[in-house]
Amino acid sequence: MHIEFSPSRRSTVGAEWELGLVDRRSGELSSVAERILEAVRPDGQAEHPKIKQELLLNTIEIITGVCDTIAEIKADLNDSLDVVHRVADPLGVEMFSAGTHPFSNWYQQKVTDKERYAKLIDRTQWWGRQMLIYGVHIHVGIDHRDKVLPILDALLNYAPHLQALSASSPYWGAEDTGYASNRALMFQQLPTAGLPFQFRKWAELESYVEDMFTTGVIDHFSEIRWDIRPSPKLGTIEMRVCDGLPTLEEVGAIAALTQCLVDDFSERLDDGEILPSLPPWHVQENKWRAARYGTDAIVILDAAGHERLVTDDIVDLLDRLEPVARRLDCVAELRDVETILRYGPSYQRQRAVAERHKGSLKAVMASLVAEMRDGIARD
């Protein structure tokens, strides 16, 4: 099977942000996506170009166009948020983004009436019906196909960093799971989800995809749901590691970090460098540690087994990437990663709210809604 990769302008960037819809009074999920999508649909068009349908009727997704800077990403997403708020506010509906809803039950949620969603649920059954999860996906343009797999492998070294910074799913079904990102380990239960294989040649990827088609595992390339994957038609690498992020500031920070990493790797490949990669067993262990411990995770840095606290490594990484950020005009957005470190990722903020309110997860939900509107509280 031949898979054509359509190169993009180097390090162009796009984002996809999954948003949950909740009742303003109760904080419970509200299955009103179809009503909102119909209301925002421009006349004469089948759908809004940047506000999209998702698996569950309690969810919408907002996407950007192809952008050059993270400032453009944030402005694009903010415009779509304003459109949705104008429709949702009169309905008494709020938006939030986190890896999971703190207390709504998965079995009460309605699935969007589309053939591809019905097929997914029919095949995956109990696990598929439990996919009450939300994420953020960042696309970064790659200017040559031969760069895709080396950059993907190198990004796996930093997947735990991105997962720890974005972790926002400590609760599931009104219980504290003990994990920073319960979503990370739930999502990988789906077929073809989880960590990508570390192919060395494009032909190996093509052979894998052919096998998946031949054996009926997938009908479309997009059904490969890896944490990081190529997007051949768009000419990008898609970073799908992250939990849903509650604030536009955090989306910008994670997008900037992703864009800088990819651009740095692309530059190093142009200079003839061989990019570092980790053995698959270290990649797998790092994913579990980041999901369990978040920013308290001790991550494995290299094949020799050297380890380090992930936040210490992030601080040094930000300094190293600053020249890249200057080149990409995203210095301020990259430094917003420090805001996440200062105030804690969402999983920490959620637990702090619960502690202040005697375990109330309704208070946690209210804080997520407030952060969506107003950003991280600087208390």
Side-chain angles (χ1 to χ4, degrees), residues 3-18 48-52 61-81 135-156 158-159 161-162 165-166 196 202 205 221-222 224 226-242 245 248-271 273 275 317-318 320-337:
I3 300 174
E4 184 70 30
F5 184 85
S6 302
S8 295
R9 280 189 298 117
R10 176 173 144 180
S11 302
T12 49
V13 63
E16 304 169 3
W17 193 8
E18 295 173 351
H48 193 283
K50 294 182 178 179
I51 303 171
K52 302 295 185 179
E61 180 181 61
I62 60 175
I63 66 174
T64 69
V66 178
C67 300
D68 291 310
T69 67
I70 304 304
E72 292 175 34
I73 288 279
K74 293 174 70 175
D76 198 334
L77 291 173
N78 196 55
D79 287 345
S80 294
L81 283 177
V136 170
H137 304 161
I138 306 298
H139 289 263
V140 183
I142 306 296
D143 57 2
H144 197 286
R145 190 197 72 180
D146 289 347
K147 291 183 176 182
V148 173
L149 295 180
I151 290 176
L152 189 156
D153 278 358
L155 281 172
L156 287 172
Y158 297 98
H161 303 59
L162 290 158
L165 288 166
S166 69
W202 191 257
L205 172 66
F221 188 92
S222 65
I224 297 171
W226 292 335
D227 295 343
I228 310 172
R229 69 181 180 187
S231 185
K233 286 188 176 181
L234 297 178
T236 66
I237 281 181
E238 183 183 4
M239 174 66 74
R240 300 160 49 86
V241 166
C242 297
L245 291 159
L248 188 60
E249 181 178 29
E250 289 169 288
V251 174
I254 291 296
L257 179 54
T258 304
Q259 185 191 29
C260 286
L261 282 168
V262 173
D263 189 75
D264 179 53
F265 292 142
S266 186
E267 179 87 357
R268 290 158 67 180
L269 286 172
D270 286 342
D271 291 341
E273 185 176 336
L275 300 181
L317 178 64
L318 296 179
R320 185 175 69 78
L321 290 176
E322 186 158 349
V324 183
R326 285 198 296 271
R327 184 167 71 236
L328 298 173
D329 194 20
C330 65
V331 172
E333 291 86 0
L334 182 65
R335 285 297 170 183
D336 281 338
V337 172

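Numbering starts at 1 and runs along the sequence shown.
- With sequence neighbours excluded, the residues that form a salt bridge (charged side-chain N to carboxylate O under 4.0 Å, His left out) with Asp76 are Lys50.
- The side-chain contact (heavy atoms from CB on, under 4.5 Å) test applied to Asn78 returns Leu81, Asp82, Leu248, not counting sequence neighbours.
- Taking CD1 from Ile3 and CG from Leu205, the interatomic distance works out to 4.5 Å, rounded to the nearest 0.5 Å.
- In this structure the side chain of Pro196 reaches within 4.5 angstrom of the side chain of Leu156, judged on heavy atoms.
- Asp143 and Ser266 get closest at one heavy-atom pair: OD1-OG, 4.1 Å.
- Under the salt bridge (charged side-chain N to carboxylate O under 4.0 Å, His left out) criterion, Lys74 pairs with no residue at all, not counting sequence neighbours.
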message = For Ile138 and Leu257: C-alpha separation, side-chain torsions, deciding distance, then whether side-chain contact (heavy atoms from CB on, under 4.5 Å) applies.
response = CA-CA 10 Å; Ile138 306 298; Leu257 179 54; over 6 Å; no
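- Across all their heavy atoms, Phe5 and Ile142 have their closest contact at CE2-O, 3.7 Å.
- The two atoms that bring Leu152 and Pro230 nearest to each other are CD1-CD, 3.8 Å, heavy atoms only.
- Remark: the backbone N or O of Leu234 is paired with a side-chain donor or acceptor of Ser8 at under 3.5 angstrom.
- Partners of Trp202 under the side chain to side chain donor-acceptor pair (under 3.5 Å) rule, at least two apart in sequence or in another chain, are Glu206.
- Residues that satisfy the salt bridge (charged side-chain N to carboxylate O under 4.0 Å, His left out) test with Glu16, not counting sequence neighbours, are absent from this structure.
- With sequence neighbours excluded, no residue forms a side chain to side chain donor-acceptor pair (under 3.5 Å) with Glu18.
- Judged as a ring-ring contact (aromatic ring centres under 6.0 Å, His included), and not counting sequence neighbours, the contacts of His161 are Tyr158.
- Every residue two or more places apart in sequence or in another chain was checked for a side chain to side chain donor-acceptor pair (under 3.5 Å) with Thr64, and none qualifies.
- Taking both residues in full, the closest heavy atoms of Pro49 and Ile63 are given as O-CD1, 3.7 Å, listed atom of the first, atom of the second, then distance.
- Between Glu72 and Asp68, the closest heavy-atom pair is OE1-N, 3.2 Å.
- Closest heavy-atom contact between Asp263 and Ser11: OD1-OG, 2.5 Å.
- With rounding to the nearest 0.5 Å, the separation of CD1 in Ile51 from CD in Glu61 is 11.5 Å.
- How far CG of Leu77 is from SG of Cys67: 8.0 Å, rounded to the nearest 0.5 Å.
- Checking side-chain atoms of Glu250 against main-chain N and O of Ser166 turns up no donor-acceptor pair under 3.5 Å.
- For residues 229-240, the set of pairs meeting the salt bridge (charged side-chain N to carboxylate O under 4.0 Å, His left out) definition, not counting sequence neighbours, comprises Arg229-Glu238, Glu238-Arg240.
- A donor-acceptor contact shorter than 3.5 Å links the side chain of Thr258 to the backbone of Ile254.
- Under the side chain to side chain donor-acceptor pair (under 3.5 Å) criterion, Asp264 pairs with Arg268, Arg320, not counting sequence neighbours.
- Interatomic distance, Arg327 CZ to Gln259 CD, rounded to the nearest 0.5 Å: 10.0 Å.
- The shortest distance between side-chain heavy atoms of Leu155 and Ile151 falls below 4.5 Å.
- Residues satisfying the salt bridge (charged side-chain N to carboxylate O under 4.0 Å, His left out) criterion with Arg335, sequence neighbours excluded, are Asp319, Glu322, Glu338.
- Here Ala256 pairs with Ile70, Cys330, Glu333, Leu334 under the side-chain contact (heavy atoms from CB on, under 4.5 Å) rule; sequence neighbours left out.
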request  = Take Ile237 and Val140 through the test side-chain contact (heavy atoms from CB on, under 4.5 Å) and record every step on the way to the result.
outcome  = CA-CA 6 Å; Ile237 281 181; Val140 183; 5.6 Å; no
